[in-house]
Amino acid sequence: MTWKPELEELARREAFARQMGGADKVKRQREQGRLTVRERIDRLLDRDSFHEIGAVSGTAEYDDKGELKNVTPANCVFGRGKVDGRTVVVVGDDFTVRGGSADASISAKPLMAEEMAHDFRLPIIRLIEGSGGGGSVKTIETKGAANLPGGIGGTRWYEYTTGNLAHVPVIGLGLGSVAGLGAARLAASHYSVMTKNSAMFVAGPPVVKRLGQDLGKQELGGADIQTRAGSIDQAVETEEEAFAHARRFLSYLPQSVYELPPTLTCTDDPERTEESLLTAVPRDRRQVYKMRPIINAVVDKNSFFEVTANFGRPVITGLARLEGRAVLILASDPFHVGGSWTADACQKIVRWVDFAETFHLPVVYLMDCPGFMIGLEAERAGTIRHGVRAMAAVNQTTVPWCTVIVRNSFGVAGVVHQPAGRFSMRYAWPSAYWGSLPLEGGIEAAYRADIDAAEDPQAKLEEIENRLNRLRSPFRTAEKFWVEEIIDPRRTRSLLCEFARLAEPLRKTGPATNMAIRP
């Protein structure tokens with residue numbers, strides 16, 4: 001006697017699961033240029049590494065004799081697999097079954113995926129294409145009652161959706177129309193990617209139309225809107241690109257906060273010098289320059305991975321390696337309001353500094369900040385409030401920190417170039433220029449009486465400016481030991497690689513309990 005009949009029954013039920021929403025729904029998904037959830041999992045993970053959990057769960061149909069006729073699978077597919085040999089949890093919406101809506105799922109499945117990631121300390125990748133918690137207003141009729149959001153037994157999933165941010169890497173991929181709870185799950189990630197033909201919104205066009213806004217999906221929540229808003233970190237052309245970005249992002253991170261980021265073998269000489277750095281910053285302070293070539297010149301070749309590029313653009317953020325060791329890069333971008341910290345830029349800093357603290361990444365800041373953005377719009381945006389939050393986030397960090405002052409450092413925002421109250425490394429290029437207030441505009445305020453009393457006010461202004469500029473040489477500051485070191489820009493890579501080596505034994509594992517964890 002064997003259990004062959006039961007195994008045959010199991011295989012039959014698993015075959016129903018692989019049919020997903022049926023041949024017609026699968027055909028429609030592919031005709032619209034989107035992969036099915038199972039194709040997505042196969043292409044994201046290492047070959048043949050997916051171990052599915054709960055494949056045969058769903059809604060079954062039986063005949064009059066109690067024999068199984070069909071199973072419509074739950075529209076959540078999840079399990080564990082490997083990405084570049086590392087075990088991860090993957091959970092995906094099946095749009096071919098009721099449009100991926102949560103009311104067509106079995107709530108225990110996505111909850112278990114989050115629980116497994118949390119308790120086994122594994123990264124989780126969410127493949128999201130679906131709607132919110134209720135799915136459809138028809139649920140009221142089918143269930144016989146209206147759902148209370150967060151009602152009895154309804155909050156555990158939400159607890160893990162956000163709570164995992166403090167414990168394991170969380171990646172969200174938006175691969176179609178994403179609304180309501182789906183949008184929240186996508187935004188509640190450390191790194192989010194959407195394809196450019198996807199859309200994300202709290203509520204879709206039919207609901208928004210009732211407000212008098214008749215918009216299409218792309219107009220309401222397309223990639224350009226969501227990346228500029230900072231809700232999504234990256235937009236890509238294809239799903240394959242989204243998978244590649246997820247794999248690369250994960251490569252810089254530990255499995256959980258209880259481990260350290262992996263160090264890779266480095267073939268790039270840590271003592272490499274770049275002659276281009278000598279001319280990277282123009283002598284004319286009114287002339288802008290490109291920061292990204294500087295970043296690429298000092299980190300390991302081809303290791304810089306920029307994130308959230310379309311939001312808070314005066315600040316560049318990304319991951320990179322120094323002699324194989326992962327670091328977080330912060331850098332000013334003078335092409336956007338001169339690198340001034342806007343309200344958006346401050347929010348970006350808070351988020352990624354928190355991220356570095358969570359996953360034990362040393363921070364390298366390439367600085368050219370003339371201060372907080374000024375003017376009416378900056379005041380309306382609450383720039384100083386967001387700026388103080390950025391200051392608090394930086395000061396709360398415990399990870400090693402190294403700053404290179406490339407050009408400007410002014411005002412309160414200039415203060416926030418390293419954590420207060422502890423030692424961090426700091427270098428200045430000869431092009432560095434700093435002070436409590438830029439001379440432009442400041443002289444007129446401080447020397448108003450002298451200028452007004454002069455026979456030639458413009459000549460007096462220039463005389464004062466020339467006099468003060470001679471005193472503002474970075475060498476004068478170094479004489480007083482108000483800055484530690486002025487360096488040849490060509491030595492920057494060598495010193496940053498040394499910083500990464502010195503920082504390695506100082507990194508500590510465990511949750512970052514001294515600061516908020518934010519998506």
Side-chain angles (χ1 to χ4, degrees), residues 268-283 285 289-300 303-304 315-318 320-323 325-334 339 341 349 353 356 361-371 394-395 397 399-411 413-436 472-504 506-507:
D268 189 4
D269 182 4
E271 301 300 320
R272 170 173 54 83
T273 59
E274 291 285 347
E275 292 296 319
S276 63
L277 296 180
L278 278 179
T279 56
V281 180
R283 282 190 170 275
R285 287 194 294 271
Y289 61 94
K290 294 181 179 180
M291 181 63 80
R292 287 173 181 83
I294 295 176
I295 297 172
N296 286 315
V298 299
V299 302
D300 294 355
S303 74
F304 181 55
V315 174
I316 298 167
T317 51
R321 294 189 179 277
L322 292 166
E323 203 175 3
R325 298 169 179 87
V327 297
L328 178 81
I329 297 290
L330 297 179
S332 305
D333 190 347
W341 281 14
I349 290 164
V353 166
L361 292 164
V363 177
V364 171
Y365 180 21
L366 302 178
M367 181 189 192
D368 181 357
C369 177
V394 171
N395 289 343
T397 61
V399 293
W401 190 289
C402 182
T403 301
V404 179
I405 305 174
V406 175
R407 189 189 247 173
N408 290 306
S409 177
F410 285 94
V415 174
V416 198
H417 66 261
Q418 59 180 181
R422 66 184 176 94
F423 177 80
S424 60
M425 290 187 170
R426 176 171 52 194
Y427 302 100
W429 282 11
S431 51
Y433 183 65
W434 44 57
S436 298
R472 297 190 74 161
S473 162
F475 299 109
R476 293 273 191 145
T477 305
E479 286 174 8
K480 297 182 179 296
F481 199 56
W482 289 352
V483 67
E484 302 91 323
E485 294 185 61
I486 300 171
I487 64 168
D488 182 333
R490 293 171 294 185
R491 293 187 59 210
T492 305
R493 170 168 169 78
S494 172
L495 291 169
L496 290 180
C497 287
E498 180 196 29
F499 160 72
R501 289 193 297 272
L502 292 173
E504 190 165 37
L506 304 179
R507 298 177 299 172

S.K.: Taking the side chain as every heavy atom from C-beta outward, state whether V364 and L322 have any atom pair closer than 4.5 Å.
M.R.: yes

S.K.: Hey, what do you get for CG (L330) to OG1 (T317), rounding to the nearest 0.5 Å?
M.R.: 7.0 Å

S.K.: Could you tell me which residues satisfy side-chain contact (heavy atoms from CB on, under 4.5 Å) with E479, sequence neighbours excluded, listed by chain and number?
M.R.: R476

S.K.: Hey, does V327 have a side-chain heavy atom less than 4.5 Å from the side chain of L496?
M.R.: no

S.K.: The criterion is side-chain contact (heavy atoms from CB on, under 4.5 Å); which residues satisfy it with A356, sequence neighbours excluded?
M.R.: L328, L361, V363

S.K.: Any idea which heavy atoms bring N408 and M367 closest together, and the distance?
M.R.: O-CG, 3.8 Å

S.K.: Could you walk me through whether I329 and I316 satisfy the side-chain contact (heavy atoms from CB on, under 4.5 Å) test, starting with their C-alpha distance in whole Å, then the side-chain angles of each, then the deciding distance to 0.1 Å, before giving a yes or no?
M.R.: CA-CA 8 Å; I329 297 290; I316 298 167; 5.6 Å; no

S.K.: Find the distance between OG1 (T403) and OH (Y427) and round it off to the nearest 0.5 Å.
M.R.: 11.0 Å

S.K.: Atom CZ of residue position R507 - does it have more than 12 heavy atoms of other residues, nucleotides or ligands inside 6.0 Å?
M.R.: yes

S.K.: For side-chain contact (heavy atoms from CB on, under 4.5 Å), just list the numbers for I405 and W429, CA-CA rounded to whole Å, side-chain angles, deciding distance to a tenth of an Å, and then say yes or no.
M.R.: CA-CA 6 Å; I405 305 174; W429 282 11; over 6 Å; no

S.K.: So does D268 pair up with R493, basic N to acidic O under 4.0 Å?
M.R.: yes

S.K.: Applying side-chain contact (heavy atoms from CB on, under 4.5 Å), name anything that partners E274, two or more places apart in sequence or on another chain.
M.R.: R272, S276, L277, A297

S.K.: Determine, for D333 against R292, whether the closest basic-nitrogen to carboxylate-oxygen distance falls under 4.0 angstrom.
M.R.: yes

S.K.: Who are the salt bridge (Lys or Arg N to Asp or Glu O under 4.0 Å) partners of R501, not counting sequence neighbours?
M.R.: E323

S.K.: Within a strict 4.5 Å, meaning less than it, do heavy atoms of the P430 and P489 side chains meet?
M.R.: yes

S.K.: Quick check: closest heavy atoms across A428 and A432, and the distance to 0.1 Å?
M.R.: CB-CB, 4.1 Å

S.K.: Among all residues two or more places apart in sequence or in another chain, which pass the side-chain contact (heavy atoms from CB on, under 4.5 Å) test with A413?
M.R.: W341, C369, F372

S.K.: For R407, which residues count as a salt bridge (Lys or Arg N to Asp or Glu O under 4.0 Å) partner, sequence neighbours excluded?
M.R.: none

S.K.: Distance from T279 atom OG1 to E275 atom CD, nearest 0.5 Å?
M.R.: 9.0 Å

S.K.: Rounded at 0.5 Å granularity, tell me how far CG in D368 sits from OG in S409.
M.R.: 9.5 Å

S.K.: Taking atom OG of S424 and atom OH of Y365, what is their separation to the nearest 0.5 Å?
M.R.: 12.5 Å

S.K.: Can you check side-chain contact (heavy atoms from CB on, under 4.5 Å) on L506 and V399, steps first, answer last?
M.R.: CA-CA 8 Å; L506 304 179; V399 293; over 6 Å; no

S.K.: Might you point out which heavy atoms bring A331 and I295 nearest each other, and give the distance in Å?
M.R.: CB-CD1, 3.7 Å

S.K.: Could you report the tightest heavy-atom contact between E271 and S494, atom names first, then the distance?
M.R.: OE1-OG, 2.8 Å

S.K.: Looking at Y289 and P334, what are the two nearest heavy atoms and their distance?
M.R.: O-CG, 3.3 Å

S.K.: For P419 and T397, which heavy atoms make the closest approach, and how far apart are they?
M.R.: CG-OG1, 3.6 Å

S.K.: Are the side chain of R426 and the backbone of H417 linked by a donor-acceptor contact shorter than 3.5 Å?
M.R.: no

S.K.: To the closest 0.5 Å, what do you measure between CD (E485) and CE (M425)?
M.R.: 8.5 Å

